[in-house]
A.B. asks: 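I have a structure I would like to understand better, so I am pasting it below and will then ask my questions one at a time.
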2 protein chains.
Amino acid sequence: MQPAMSRVPAACAGDCRFFREEGSGPIDRNKPAGPLLKISRGTTIYQHEQPAHFCYKVVEGAVRLSRLLPDGRRQILEICLPQDTFGLETSECYSATAEAIGDVVLLRCPRECIAELQDERPHVRGKMLSMLSRGLCAAQDHVAMLGHQSAKERVACYLLRLAGGHESQQAYTVRLPIGRQDMADYLGLTIETTCRSLSDLKAKRIISTPDRHCIVIQNFAALESVAQGD
Amino acid sequence: MQPAMSRVPAACAGDCRFFREEGSGPIDRNKPAGPLLKISRGTTIYQHEQPAHFCYKVVEGAVRLSRLLPDGRRQILEICLPQDTFGLETSECYSATAEAIGDVVLLRCPRECIAELQDERPHVRGKMLSMLSRGLCAAQDHVAMLGHQSAKERVACYLLRLAGGHESQQAYTVRLPIGRQDMADYLGLTIETTCRSLSDLKAKRIISTPDRHCIVIQNFAALESVAQGD
DNA sequence: CGGCATGTTGAAACGTTTCAACGAGAGTGG
DNA sequence: CCACTCTCGTTGAAACGTTTCAACATGCCG
C-alpha cells in the first residue's frame, strides 16, 4: 500500500511547515516555503458539513470557527489566531464553518498530504495528535465556561486568556482580534450583555478601553477574582 | 522508570482491544484478552491535572468526565458509555476528572503502550486520531448547546442523543445512565430546572417516565421540534 | 419503621435578553 | 469641510427564563 519513493506530492513539500515546532518564533515570511493563501475579510473558508479536503494554519489575522443553529443563532467555537491550526478533523466533513474575521493569510495543506506525511515522518504524528488534543482541551475549557459561569466571569476569563498568562503587575494592553458581536457569540451572550460587562469592568477601573479594538488590563488580580466569581 | 524489556510490555498485549473496530459488536467478555478493571460506584478513576499514565475504555457502566470550578460548581464534560474511550490526552496531565457513575468495568492501557502500538501498527494511528477527532466534535456539539440553547432545548437534545438516531415513529425507551444531578451538571442547568423541563415534556405527552431511570419517548417529531426551539 | 439520598414542585429573587434609542467613527460625495 | 450614511458600540427599561430557597414526595436499605 506504500510504494515508498517520494510519496509526498510536490505541492505538499512546503506544507511541512504545518507541523514545524511552535514557540520557535513566528513563521518566517522572508523564506516562504509554500503557497500562502490570502483571504479577504468576511470570506467563508469552508462550511460546516461540507467535505473536508484541506487543513489550515493561520499565519496572519484571525479566523472564526462557528456553527449556525437552525433558528439563526450562531455559536462561535473557536477564534484561531496566528500559529493555530484548524480543519484537522478526520471525519469526512468539516465540523464547523470557518470564516475570515479580517484579512487573513493562511497556510493550506491537502488532507491526503497530512496522511502521507504522518506515514513518513514519525514526529508529524505526535504533532498531529497534540494539535487535536489541544483543540479538545480548549473545547472543554469552553464547555466549562459556558456551562457554569456568569456573563461577567466569561468576559473576564476571555480577557485573561487573550492576555495569555502575562499576569504581570503592570498594565497590559490586549488587542482584540474580534468585534463585540463575535465576542458575544463566542461567550454565548448577547452583544448588549457583553458590552455591559465590559462597562462594568471599566467602571471598577479594572480595565480601560482607549479604543474599540484595545483593552488595557489595569488590575490583573481584580480581573482574576472576577473571572472566578468574586 | 521504564525497564524496557520487549518493546510492547506483556500487559499491553491484551490492550490492543483498545483499538479494535467498533460497531463490530460489543467486546466479547467470554474471551477476555486483557485485564478488566472493575471499579465501584462513585470511585474517582483519575483527577484533573494529575499526571496522565493511562487511557481507558468503558466496557460496562458509565463514567463521567468533569471539572470542578474554584467555587464548587461542577461541569460535566462528557458521559462515557460502553465502547467510549477517555483519558487519551497527549498532554502530561489529565484534562478532567473521571469518576465511575455506577459500578463500572474498564479496559486500561498505559500511555507508553499506546505510543508504541502506534509506531508498530499503522492502523492504530488512524484509530487514535479518529477517537480524538470524535471527542473534539462532541465537545463542539456541547459548546453549541450550552452557548445558545434554552433549558428545554438542552433536555430535549440530550434525550434525542441518548436515543441515538432511532428516530422511529414508535415509542422508544431510553435508559438514563445518570441521575438528575449529573444530567443537570452536564447540561449546565440546576437540578430543579432539569426536572421542570422533563415535567414539561411529560405534561405535553412527548415523553413518559415509568421510573426514575427510564424515559419513554412517545413523540419523536415533537421532541425534535422542542430541541430546535419550536 | 426510621433515616437518607434522590426527585419533584412552588414562589420570589436574580441575571440575561429583548427592544428601543442613541453615540461614535470611517468612508463617500457634494 | 461638512453633511450623509452605514456599521459598530453603548445605555436604559421592561420582559423573560433560570436560579435560589424551601418544602414535600418517593424509593431504597439497614
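The sequence lines fix the lettering, A, B, ..., with proteins before strands; numbering per chain opens at 1.
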A.B. asks: Hey, could you give me the CZ/OG1 distance between A:R180 and A:T190, rounded to the nearest 0.5 Å?
C.D. replies: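 So the CZ of A:R180 and the OG1 of A:T190 are separated by 13.0 Å.
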A.B. asks: Rounded to the nearest angstrom, tell me the gap between atom CG in A:L187 and atom P in C:dT17.
C.D. replies: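 So the two atoms are 10 Å apart, to the nearest Å.
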A.B. asks: Send over the distance from B:K202 NZ to C:dG7 P, rounded to a whole Å.
C.D. replies: 12 Å
A.B. asks: Taking CZ from B:R196 and C1' from C:dA12, how many angstroms apart are they, rounded to a whole number?
C.D. replies: 12 Å
A.B. asks: Between D:dG9, D:dT26, C:dT16, which nucleotide has the shortest distance from any of its atoms to the side chain of B:R212?
C.D. replies: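 Per side-chain heavy atoms of B:R212, the pick is D:dT26.
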A.B. asks: Considering only D:dG9, C:dT8, D:dT19, which nucleotide approaches the side chain of B:C195 most closely?
C.D. replies: C:dT8
A.B. asks: A:I215 CD1 to D:dG9 P: how many Å, rounded?
C.D. replies: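 Whole-Å distance recorded here is 11 Å.
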A.B. asks: Return the value, rounded to whole Å, for the distance between atom CD of A:Q181 and atom P of C:dT18.
C.D. replies: 11 Å
A.B. asks: Can B:R108 be said to sit on top of B:F54's aromatic six-ring, NZ or CZ under 6.0 Å from centre and within 45° of the ring axis?
C.D. replies: yes
A.B. asks: Among the candidates C:dT16, C:dG7, D:dT18, find the nucleotide nearest to the side-chain atoms of B:T193.
C.D. replies: D:dT18
A.B. asks: Would you mind reading off the distance between A:L189 atom CG and D:dG17 atom P, rounded to a whole angstrom?
C.D. replies: 18 Å
A.B. asks: Would you classify A:R41 as touching base, sugar-phosphate or nothing, given that sugar-phosphate means primed atoms plus P, OP1 and OP2, and contacts are heavy atoms under 4.0 Å?
C.D. replies: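 Sugar-phosphate contact only - A:R41 comes under 4.0 Å of backbone atoms but never of a base.
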A.B. asks: How many whole angstroms separate atom CD of A:E192 from atom P of C:dG15?
C.D. replies: 18 Å
A.B. asks: Give one of base, sugar-phosphate or nothing for A:L198, where a contact means two heavy atoms less than 4.0 Å apart.
C.D. replies: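 The residue A:L198 makes no contact with any strand.
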A.B. asks: Under 4.0 Å between a Lys/Arg side-chain N and an Asp/Glu carboxylate O for B:D211 and B:R175?
C.D. replies: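 No, B:D211 and B:R175 are not salt-bridged.
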A.B. asks: At under 4.0 Å, does any side-chain N or O of B:S199 touch on OP1 or OP2 of C:dT9?
C.D. replies: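 B:S199 to C:dT9 OP1/OP2: side-chain N or O found under 4.0 Å.
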A.B. asks: Rounded to whole angstrom units, what separation is found between the CG atom of A:D211 and the P atom of C:dG23?
C.D. replies: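 A:D211 atom CG is separated from C:dG23 atom P by 21 Å.
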A.B. asks: Is it the case that the ring center of B:H53 lies less than 6.0 angstrom away from the ring center of B:Y46?
C.D. replies: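 Judged by ring-centre distance (under 6.0 Å), B:Y46 and B:H53 do not meet the cut-off.
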A.B. asks: In terms of ring plane angle, is the pair A:Y172 and A:H166 parallel, tilted or perpendicular, where the classes change at 30° and 60°?
C.D. replies: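 The arrangement is parallel - the two ring planes meet at less than 30°.
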